[in-house]
Number of protein chains: 2
Amino acid sequence: MTEKKQRGRAAPDSKTPAVTEKIAETASADDAASNPALKALAERLPLWRRPGYLVRRLHQIHYAIFFEECDGFGITPVQYGLLTILSTNPDADQVTLANALGIDRTNVADVLVRLEQRGLIARMRSQNDRRMVLARLTSVGEDLVERMHPAMAKAQDRLLEALGSEERDQFLATLMRLLEANNKYGRATLGASKMDHT
Amino acid sequence: MTEKKQRGRAAPDSKTPAVTEKIAETASADDAASNPALKALAERLPLWRRPGYLVRRLHQIHYAIFFEECDGFGITPVQYGLLTILSTNPDADQVTLANALGIDRTNVADVLVRLEQRGLIARMRSQNDRRMVLARLTSVGEDLVERMHPAMAKAQDRLLEALGSEERDQFLATLMRLLEANNKYGRATLGASKMDHT
DNA sequence: GCTTAATCATCAGTGTACCGCCTTTTATCG
DNA sequence: CGATAAAAGGCGGTACACTGATGATTAAGC
């Protein structure tokens, strides 16, 4: 029955099993509530033991902390990441930026539009290769990157402040190891190592 | 022109410097490219050393792996998380679900609508408290939770398969520690511990 | 009982993130 | 040189994630 993809990922024709009949509020409803097989499954691998779930939660917490520290700048973590890359790699095209940031190229375009509207970056077609649109910081953008850096750094610190320095280092090392081992997923393959981040 | 909020989030009045003037494509552009102060900042705390950035990347990788393993089911990680909670807590209202999942209540409503359209859950107003909308799995939903569980579990394993068992345990322990220490962010305060997840 | 406050759901709006398809431009091959 | 392939950007669509505001219902205080 295929059930197709979800989440914009493909799914040009998500018809799904075509079941829309409401449950009868009667009969089997109660069995449903206490299905022992399901309970056993959920207990064997509960939410809070699924690494993917934990990582998603931590990601959201970082967002919250970031906004707490960086309120007033009106910049999101992704936007600041993009600005950071532009600060060391001016005149980068969107594919390069996507690889460096590890996000999708269409998403990079979206973010760039917002940053351009705010006057933080400027975009123009490359003269060498007229397919490419190059982006660079404006002086306003440079200024903002600099002024906002302490707040951003504070947010990074706060995310891990519950850990001892040893555990923190270990955690970061493991994170980097995982990223390196899985650096093949998504439309953007994370080519950060190709840039001068050394 | 105020530049409004970002990302819907707070910032009740983040007016930011209110700059929208485009750069003149002339003059100071080249200085921008090689601003030494910015380069120093970026080198002091590059992207790949920012825990928030690393966590975001890992989160995305989990998504990619999840879809690889669970393709054909058309279920996202969040959707499966919600179904998992419903499998042990039938007839939960949306606020309870939001707290258990650690996501926003409006988001829970969105996800529930999609799951209902696919016939995996049923929703109805509570008779005791007519403000609440209760959700429960349909038999189709129960079936899917069960059939999909191995693929989901495989995705969880694959995320950490690059680690040795000791490092994996350490990583999970640290993740849980961080979540516990930061269990106060976001509109959902993560009341998972209040539910029967033990 | 009536006013007020709290709670739950929903709507509108913004931002991130991804996919598939299409057009333009460049590179490549015969 | 002309056809074809490859690369870059853009568009439309879907799913998450959260804020703020509004309306309905319940609970609390008088």
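By convention in this document, chain letters (A, B, ...) are assigned in the order of the sequence lines, proteins followed by strands, and residues within each chain are numbered from 1. These numbers come from the heavy atoms of this one structure, side chains and all, not from hydrogens, waters or symmetry mates.
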Hey, which of these two, S126(A) or V78(A), hits DNA chain C nearer its 5' end, going by closest nucleotide?
-> V78(A)

To the nearest 0.5 Å, tell me how far H149(B) NE2 sits from L83(B) CG.
-> 12.0 Å

If every non-hydrogen atom of A135(A) is compared with every non-hydrogen atom of L86(A), which pair is closest and at what distance?
-> O-CD2, 3.5 Å

Between dT26(D) (P) and N128(B) (CG): distance, integer Å | 10 Å

Answer yes or no: does a side-chain N or O of T106(A) lie under 4.0 Å from OP1 or OP2 of dG9(D)?
-> no

Between V111(A) and R125(A), which has a closest nucleotide on DNA chain C that is more 5'?
-> V111(A)

Axis-to-axis angle across the helix from dG1(C)-dC30(D) to dG30(C)-dC1(D), five pairs an end, to 10 degrees?
-> 10°

Residues in side-chain contact (heavy atoms from CB on, under 4.5 Å) with R49(B), at least two apart?
-> L45(B), P46(B)

D71(B) atom CG is separated from dG20(C) atom P, nearest whole Å, by 10 Å

Check the distance between dG15(C)'s C1' and I103(B)'s CD1 and give it to me in whole angstrom.
-> 17 Å

Tabulate protein N/O versus nucleotide N/O from nucleotides 6-8 of chain D, keeping only pairs under 3.5 Å, one per line.
from	atom 1	to	atom 2	distance (Å)
dA7(D)	N3	R131(A)	NH1	3.3

Answer yes or no: does a side-chain N or O of Q60(A) lie under 4.0 Å from OP1 or OP2 of dC16(D)?
-> no

Non-neighbouring partners of R131(A) that pass side-chain contact (heavy atoms from CB on, under 4.5 Å), sequence neighbours left out | D129(A)

List in chain and number order the residues that pass side-chain contact (heavy atoms from CB on, under 4.5 Å) with V78(B), two or more places apart in sequence or in another chain; answer none if no residue qualifies.
-> R56(A), Y63(B), T76(B), L101(B), I103(B), V111(B)

Taking only residues two or more places apart in sequence or in another chain, which ones pass side-chain hydrogen bond (donor to acceptor under 3.5 Å, both in side chains) with Q170(A)?
-> T174(A)

What integer distance in Å separates F67(A):CZ from dT16(C):P?
-> 8 Å

Contacts of R177(B) meeting salt bridge (charged side-chain N to carboxylate O under 4.0 Å, His left out) (sequence neighbours excluded), chain-then-number -> E167(A)

Tell me: NE2 of H59(B) to C1' of dA17(C), nearest whole Å?
-> 10 Å

Atom CZ of R130(A) and atom P of dA27(C) are separated, to the nearest Å, by 13 Å

Set of salt bridge (charged side-chain N to carboxylate O under 4.0 Å, His left out) partners for D169(B), sequence neighbours left out = none

Rounded distance (Å) that lies between atom C1' of dG10(D) and atom CG of L112(A) | 13 Å

Test side-chain hydrogen bond (donor to acceptor under 3.5 Å, both in side chains) applied to D157(A) - qualifying residues, sequence neighbours left out | none

Could you state the NE2-C1' distance from H62(B) to dC18(C), rounded to the nearest angstrom?
-> 15 Å

For R123(B) and dT10(C), is the shortest distance between a side-chain N/O and OP1 or OP2 below 4.0 Å?
-> yes

